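One structure is given here, and the rest of the page talks about it.
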Amino acid sequence: MAGRSKITDSEALAYHLEPNPGKIEITASTAMATQRDLSLAYSPGVAVPCERIAEDPSLAYDYTTKGNLVAVISNGTAVLGLGNLGALASKPVMEGKAVLFKRFADVNSIDLELDTEDVDAFVSAVKLMGPSFGGINLEDIKAPECFMIESRLKEEMDIPVFHDDQHGTAVICAAGLINALYLSGKKIEECKIVLNGAGAAGIACIELLKSMGARHENCITCDTKGVIYQGRTEGMNQWKSAHAVNTDLRTLEEAMVGADVFLGVSAKGAVTQAMVESMAENPILFAMANPDPEITPEDAHEIRPDAIVATGRSDYPNQVNNVLGFPYLFRGALDIHARAINDEMKIACAEALAALAREDVPDEVAMAYGRKLTFGRDYIIPTPFDPRLIHVIPPAVARAGMDTGVARRPIVDMERYTHDLRARMDPTASILQGLSARSRQAQARMIFAEGDDPRVLRAAVAYQRGGFGKALVVGRPDDVKAKLEAAGLADAVRELEVVNAANTRHLDSYKSFLYERLQRQGYDAQDIHRLATRDRHVFAALMLAHDHGDGLVTGATRKSAHAIRLLDHVFDILKNPEAVGITAVLHRGKIVLMGDTLVHEWPDEEDLATIAEAGARVARALGMEPRVAFVSFSTFGYPVSERAEKMHHAPAVLEARGADFEYEGEMTVDVALNMEVAANYPFSRLTGPANVLVVPARHSASISVKLMQEMAGATVIGPILTGIDKPVQIASTGSTASDILNMALLAACRVGG
């Protein structure tokens with residue numbers, strides 16, 4: 001449980017406020033630069049698809065975004081666990097759901113908040129908007145109205161309508177239960193199942209399990225008033241009545257005796273150790289109440305070591321997380337232009353998730369989570385950031401939709417469809433998530449050298465509150481306190497450890513170490529004292545050199561060249577041929593590593609080969625298989641120029657060194673990145689677009705990176721300093737707090753080390 005993340009109110013508000021209010025925006029997917037573009041996008045060109053759609057409504061899927069657009073709709077009557085906050089207050093949640101659709105399945109989504117609690121008005125409003133969307137995701141609507149709304153919309157609309165609070169939880173619960181029963185050697189038809197919580201999610205869970213074979217008489221449903229039995233009148237409605245059984249059991253405690261499976265969507269502490277002890281052999285507990293489960297895994301395992309336990313929490317194994325389901329259910333449904341999402345499609349999703357958990361877990365997933373994940377009692381559900389989800393789950397959903405007749409446009413070539421799904425995903429998000437997960441596992445003590453800068457302080461607070469480890473800030477306590485208070489982070493003053501020369505007992509050993517290194521380079525004892533006590537970059541580097549921290553981030557207040565000269569007093573960087581700066585450029589779902597952007601000003605072919613090796617190390621540390629291109633204005637000898645010679649010879653140096661990754665050159669950037677252009681050179685050793693670019697000089701690397709950043713809006717991480725003994729990362733002077741945090745995560749993960 002180490003490294004549990006802490007999020008404060010001020011951070012949550014800042015996240016939603018900056019850089020622009022909210023979490024989503026709309027960008028055009030077609031050219032909009034010229035008058036001709038505008039004439040095609042609007043009048044007169046737009047009239048043509050309008051006429052075609054009027055003749056054949058199915059063409060809306062071809063000429064508009066309908067086929068990849070989902071509406072996330074709520075009236076705010078059951079917002080998270082906060083209750084009836086109203087339509088407007090639910091908007092941040094609905095925007096967040098729209099972001100998840102895009103992040104995990106490349107589904108475009110827009111949020112709509114309806115200011116009504118009247119079922120008829122709600123249904124009418126959604127139904128009237130039907131032509132705009134390929135699917136409807138209902139969210140945070142209280143029971144029993146959610147049942148009425150979903151049922152009526154399913155009947156009256158010809159696109160998928162899905163209430164995720166019900167069915168999303170049910171699908172993931174079913175997936176986990178398939179594997180839990182497999183491990184326990186039990187069959188769903190024979191199991192006694194107890195459900196606690198007869199709201200939207202609970203009813204959906206038990207209904208789906210019955211569709212999968214669970215017997216009605218073996219399923220005991222409980223609510224706050226106890227067992228739902230035949231003849232009960234108190235607190236009943238038609239949805240609860242459908243799951244009433246003929247039984248003498250009246251309390252949850254009685255129902256738990258001999259139970260094989262417990263499903264909880266109720267409240268913290270609803271299940272006691274005595275209840276767990278009374279269950280059958282190899283009990284299965286899905287304690288899914290959020291934020292705190294009905295019983296913690298620790299308490300359950302203390303009394304029953306043979307139990308398989310799942311929760312809704314990310315800091316416990318076996319998280320029942322809806323994000324494993326709804327994006328991929330809609331992806332599959334949209335891609336067959338489905339009329340509905342039916343039980344068969346939900347079961348197909350659950351079965352595909354269960355099967356995926358039984359497969360070997362890719363190395364990049366294990367690397368991201370900092371541990372080997374193997375199918376078993378602590379791994380019965382895939383992790384949300386498993387990259388296989390996008391190309392495994394939607395095809396299973398699509399097949400089920402085609403088999404059951406809800407597909408308007410069946411997929412003919414499933415193999416190509418699967419390939420296209422792989423290409424949809426943005427690798428940058430999973431890379432950043434992987435860094436976060438590995439950093440939480442590492443729990444590195446991170447030294448932030450420039451505690452006089454508010455950006456650095458915000459990054460340090462985010463690092464510690466994010467559960468990544470201990471943040472050590474170099475600065476004066478009074479100054480740090482004042483700047484934190486000015487930044488609205490006064491509550492963080494007690495959390496950070498502020499270190500400077502005035503309060504460390506290690507100063508004498510630091511100065512002795514530094515004097516021994518610099519005494520023959522013109523530095524006397526007074527110079528050493530000034531460096532160690534007055535320069536935060538040097539002091540922070542001395543801390544790291546003496547293992548008083550595990551990583552170092554600096555450079556936000558000094559130009560990188562100057563920061564390197566200061567760090568060079570403690571670590572050999574400038575004269576170290578292995579020291580290389582690699583910058584990651586992230587843009588439109590692609591990531592390219594550029595080197596050298598930091599150390600080698602005018603590298604020769606040997607240096608270029610070293611830069612390529614450093615780039616390959618960083619690529620692998622980020623979970624990518626490196627493909628290195630030595631780029632130039634020349635491609636394989638044409639045009640001839642002595643300026644391109646070293647780029648031509650560098651691959652031969654790598655070959656002599658026995659490099660174990662793909663590399664090729666020299667070539668222009670379009671040959672390196674565009675496979676259609678690269679097809680003109682079939683002899684090339686690259687099997688795909690290059691993801692590591694080695695350029696002729698530091699100035700060309702810097703120009704390329706900054707041009708992408710300013711003109712294309714690319715996200716830039718780095719330069720990542722590699723090849724030195726300790727994890728040191730140098731941020732740029734224009735870095736935001738998020739950029740500095742990313743550099744800290746790179747240091748924590750020892751990327752490039």
Side-chain angles (χ1 to χ4, degrees), residues 1 4 80-81 165-166 168-181 183-184 186 188 191-206 208-209 214 219-224 226-228 251-325 350 353-354 357 376-384:
M1 277 5 101
R4 185 173 293 174
L80 299 177
D165 298 319
Q166 294 180 62
T169 302
V171 168
I172 313 309
C173 174
L177 188 58
I178 290 170
N179 281 337
L181 292 173
L183 291 168
S184 302
K186 299 180 179 182
I188 194 169
C191 286
K192 178 183 176 183
I193 300 173
V194 175
L195 166 69
N196 193 47
I203 294 292
C205 285
I206 206 68
L208 188 61
L209 295 185
C219 298
I220 308 295
T221 300
C222 303
D223 61 10
T224 55
V227 171
I228 295 173
T251 67
L252 175 62
E253 186 175 13
E254 293 172 357
M256 289 286 276
V257 177
D260 297 286
V261 177
F262 168 78
L263 305 178
V265 277
S266 51
K268 174 184 178 181
V271 173
T272 65
Q273 286 187 321
M275 293 181 190
V276 176
E277 189 173 21
S278 73
M279 294 179 72
E281 184 180 357
N282 291 314
I284 298 166
L285 295 100
F286 279 40
M288 298 177 286
N290 264 325
D292 297 300
E294 285 81 359
I295 186 169
T296 65
E298 298 99 318
D299 287 345
H301 285 136
E302 181 181 353
I303 199 73
R304 291 297 297 270
D306 58 336
I308 296 176
V309 185
T311 72
R313 293 276 290 258
S314 61
D315 51 356
Y316 287 120
N318 301 328
Q319 183 191 15
V320 178
N321 190 333
N322 285 21
V323 82
L324 288 165
L353 283 167
R377 291 171 174 266
D378 287 335
Y379 179 68
I380 58 174
I381 307 171
T383 62

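What you see is a predicted model, and the numbers here were worked out from it, not measured in a lab.
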For the [atom1] atom of [X] and the [atom2] atom of [Y], what is their distance to the nearest 0.5 Å?
X	Y	atom1	atom2	value
Thr221	Leu252	OG1	CG	11.5 Å
Thr383	Asn321	OG1	CG	10.0 Å
Lys192	Cys219	NZ	SG	11.0 Å
Ile203	Asp223	CD1	CG	9.0 Å
Ile284	Ile380	CD1	CD1	7.5 Å
Ile193	Ile188	CD1	CD1	5.0 Å

Determine, step by step, whether Val227 and Glu254 satisfy the side chain to side chain contact (heavy atoms under 4.5 Å, CB included) criterion, reporting the C-alpha distance in whole Å, the side-chain angles of both residues, the deciding distance to 0.1 Å, and the verdict.
CA-CA 9 Å; Val227 171; Glu254 293 172 357; 5.9 Å; no
Could you work out, with side-chain hydrogen bond (donor to acceptor under 3.5 Å, both in side chains) as the rule, every residue matching [X], not counting sequence neighbours?
X	value
Asn282	Arg377
Asp299	Thr296
Asn196	Ser266

Checking Asp260 now: which residues fulfil salt bridge (charged side-chain N to carboxylate O under 4.0 Å, His left out) with it, not counting sequence neighbours?
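Once residues adjacent in sequence are excluded, the partners of Asp260 under the salt bridge (charged side-chain N to carboxylate O under 4.0 Å, His left out) criterion are Lys186.
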Could you report the tightest heavy-atom contact between [X] and [Y], atom names first, then the distance?
X	Y	result
Leu324	Pro384	CD2-CA, 3.7 Å
Ile172	Gly325	CD1-N, 3.6 Å
Gly258	Ala280	O-CB, 3.6 Å
Asn179	Ala354	ND2-O, 3.0 Å
Ala350	Ala174	CB-CB, 3.9 Å
Val320	Ala310	CG2-CB, 4.1 Å

Heavy atoms, side chains only, cut-off 4.5 Å: are [X] and [Y] in contact?
X	Y	result
Phe262	Met275	no
Leu263	Val261	yes
Leu353	Ile381	no
Ile308	Ser184	yes
Leu195	Val265	yes
Leu285	Met279	yes
Glu253	Ser278	no

Considering only residues two or more places apart or on different chains, which pairs with a residue in residues 274-293 satisfy salt bridge (charged side-chain N to carboxylate O under 4.0 Å, His left out)?
Asp292-Arg313
Does anything in residues 300-311 pair up under side chain to side chain donor-acceptor pair (under 3.5 Å), and if so which pairs, sequence neighbours excluded?
Gln273-Glu302, Arg304-Asp306
Is the backbone N or O of Gly312 less than 3.5 Å from a side-chain atom of Gln319, with the two atoms forming a donor-acceptor pair by type?
yes
